[in-house]
2 protein chains.
Amino acid sequence: MQFTKAEEYGILGVLYLVAKGGTAVTPLSEIAEAREIPEKFLAKIFQSLARFGIVRSYRGVRGGFALTRNPAEITVMAVLEAIQGPYHLLRCIPDPDHCDNTDRCALRDLLMVVEKGLVETFESHTLADLGEWEHAKGVTVI
Amino acid sequence: MQFTKAEEYGILGVLYLVAKGGTAVTPLSEIAEAREIPEKFLAKIFQSLARFGIVRSYRGVRGGFALTRNPAEITVMAVLEAIQGPYHLLRCIPDPDHCDNTDRCALRDLLMVVEKGLVETFESHTLADLGEWEHAKGVTVI
DNA sequence: TCGTTATGCAATTCACGAAAGCAGAAGAAT
DNA sequence: ATTCTTCTGCTTTCGTGAATTGCATAACGA
């Protein structure tokens with residue numbers, strides 16, 4: 001059970017936008033360089049984020065991406081789901097037909113408990129929260 | 001972030017032993033067939049469990065594996081750590097030198113919170129607990 | 001019209017989870 | 001002793017999906 005690079009880069013990317021404050025439109029090249037993320041990979045991730053309305057894209061010179069809402073209104077969970085789709089620890093959780101005795105599986109029950117706690121934590125933290133944590137630690141944009 | 005097959009098989013394997021009750025020595029072939037797990041893969045997993053003292057192995061005719069302790073004394077966490085080693089969502093959590101600004105990373109802080117909750121849940125459930133859940137649902141050994 | 005930036009899809013690389021194979025050791029049964 | 005069973009400890013293979021790259025195209029501003 002490990003956090004994926006896509007998830008990691010996605011969060012770091014939007015946090016960069018938060019750190020820049022307001023609604024500054026920022027090109028991927030800048031984010032990628034500042035946070036040392038492969039640019040094309042980041043592009044893919046931000047396209048997902050754009051589809052889910054987390055960020056908005058602007059083309060052309062001085063284009064880039066910007067948050068669509070106030071960071072306080074965007075939960076970490078929303079970002080993760082935009083990147084990875086619905087979040088589940090086992091295939092049989094969303095799809096009970098995946099194996100033949102989901103209704104008797106204690107492991108599935110336990111993981112549903114674990115997953116619930118996990119989702120609650122991700123939902124109870126917004127990008128603004130994380131931004132403040134970083135700010136308190138003196139993180140700079142570049 | 002997904003539960004691995006090794007983790008899944010490991011838990012299901014020991015739960016099979018729990019369901020058989022007591023300290024019955026059970027060969028891998030039986031467990032593998034009953035729970036539809038690739039036998040050689042299960043062997044690898046149980047070797048780890050044996051090294052960590054979760055189960056004990058017996059060779060020869062009528063050999064196999066048995067739990068070393070009462071299921072109520074074995075937490076799910078113990079089983080998972082035996083299989084996967086120390087549990088971390090990001091490499092930089094156990095190894096702060098993995099990236100160059102772990103001390104300023106809000107994502108790392110958040111994941112440490114998530115991880116804590118996760119570990120607590122796994123530690124607060126024993127194999128006996130899961131065994132009872134299954135029992136209540138009418139799970140049979142074979 | 002030109003340069004910049006995102007878009008969308010295709011292709012590729014790569015790591016690791018997952019699984020299989022095999023020779024050998026240990027042990028029980030007879 | 002011999003034989004059969006079962007674990008042990010490698011080695012190797014396979015497959016999937018993560019991670020990354022590439023390219024042609026579309027949109028947009030200057």
Side-chain angles (χ1 to χ4, degrees), chain A residues 1-13 17 24-33 35-68 80 82-85 87-91 98-99, chain B residues 1-13 17 24-33 35-68 80 82-85 87-91 98-99:
Chain A
M1 196 153 48
Q2 262 244 325
F3 220 62
T4 65
K5 286 285 178 189
E7 291 171 316
E8 182 182 338
Y9 293 160
I11 297 285
L12 294 180
L17 294 180
V25 175
T26 310
L28 284 179
S29 55
E30 178 183 333
I31 307 175
E33 187 180 7
R35 293 293 180 253
E36 301 181 52
I37 301 171
E39 186 174 335
K40 290 299 294 182
F41 193 20
L42 192 60
K44 200 174 183 176
I45 296 165
F46 265 64
Q47 279 166 33
S48 299
L49 296 177
R51 262 182 243 115
F52 273 73
I54 308 279
V55 298
R56 185 178 157 193
S57 68
Y58 299 85
R59 299 191 187 192
V61 177
R62 292 188 52 88
F65 290 88
L67 295 174
T68 56
L80 295 181
I83 295 171
Q84 293 257 315
Y87 227 75
H88 294 292
L89 298 178
L90 278 183
R91 285 188 211 286
H98 184 261
C99 74
Chain B
M1 196 153 50
Q2 264 243 324
F3 219 62
T4 66
K5 285 286 178 188
E7 291 170 317
E8 181 182 337
Y9 293 159
I11 297 286
L12 294 181
L17 295 180
V25 175
T26 310
L28 284 179
S29 55
E30 178 183 333
I31 307 175
E33 188 180 6
R35 294 293 181 254
E36 300 181 54
I37 300 172
E39 187 174 334
K40 289 302 294 183
F41 194 18
L42 191 60
K44 201 174 183 178
I45 296 166
F46 266 64
Q47 279 166 33
S48 299
L49 295 177
R51 261 181 246 116
F52 273 73
I54 308 279
V55 298
R56 184 176 159 196
S57 68
Y58 298 85
R59 299 192 186 190
V61 177
R62 292 188 52 89
F65 291 88
L67 295 174
T68 56
L80 295 181
I83 297 172
Q84 293 257 315
Y87 227 75
H88 294 291
L89 298 177
L90 277 183
R91 285 188 212 286
H98 183 261
C99 75

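First the proteins, then the strands, lettered A, B, ... as listed; each starts at 1. Source: prediction; values computed, not measured.
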*Answer yes or no: is there a side-chain heavy-atom contact under 4.5 Å between B:Ile31 and B:Leu17?*
yes
_Has B:Glu7 got a side-chain atom pairing as donor or acceptor with B:Thr4's backbone, closer than 3.5 angstrom?_
yes
*Using five pairs at either end of the helix from C:dT1-D:dA30 to C:dT30-D:dA1, determine the angle between the two local helix axes and round it to 10 degrees.*
10°
*Report the distance from atom CG of B:Leu12 to atom NZ of B:Lys5, rounding to the nearest 0.5 Å.*
9.5 Å
*Between C:dG17 atom C1' and B:Gln84 atom CD, what is the distance in whole Å?*
10 Å
*asked:* Nearest 0.5 Å, please: how far is CD1 in A:Ile11 from CG in A:Leu80?
replied: 4.5 Å
*On DNA chain D, check which nucleotide each of A:Pro38 and A:Gly60 is closest to and give me the residue with the more 5' one.*
A:Pro38
*For A:Glu7 and D:dG17, give me the distance from atom CD to atom P, rounded to whole Å.*
16 Å
*Which atoms form the tightest heavy-atom contact between A:Ala66 and A:Ala24, and what is the distance?*
CB-O, 3.7 Å
_Rounded distance in Å - CD1 (B:Ile45) to P (D:dC7)_ = 14 Å
_Between P of C:dG21 and CZ of B:Phe41, the distance in whole Å_ = 15 Å
_Rounding to an integer number of Å, can you tell me how far A:Glu33 CD sits from C:dT5 P?_
12 Å
*In the 5'-to-3' direction, what one-character label does each nucleotide of nucleotides 7-12 of chain C receive under the scheme B = base within less than 4.0 Å of a protein heavy atom, S = sugar-phosphate only, - = no such atom?*
BB----
_Nearest-angstrom distance from the residue atom CD1 of A:Ile37 to P of D:dT20_ = 10 Å
*How close do A:Gln84 and A:Ala6 get, heavy atom to heavy atom, and via which atoms?*
NE2-CB, 4.5 Å
_Working to the nearest 0.5 angstrom, can you tell me the gap between A:Gln47 CD and A:Leu42 CG?_
10.0 Å
*Scan for ring pair (Phe, Tyr, Trp, His ring centres under 6.0 Å) pairs involving residues 47-68 of chain B, sequence neighbours excluded, and state none if there are none.*
B:Phe46-B:Phe65
*Compare every heavy atom of B:Ala82 with every heavy atom of B:Ser48, then report the nearest pair and how far apart it is.*
CB-O, 3.6 Å
_Between D:dG17 (C1') and B:Lys5 (NZ): distance, integer Å_ = 14 Å
*Starting from P on C:dA20, measure out to CD on B:Glu39 and report it in whole angstrom.*
10 Å
*Of the nucleotides D:dA19, D:dC7, C:dT4, which has the atom closest to the A:Val61 side chain?*
C:dT4
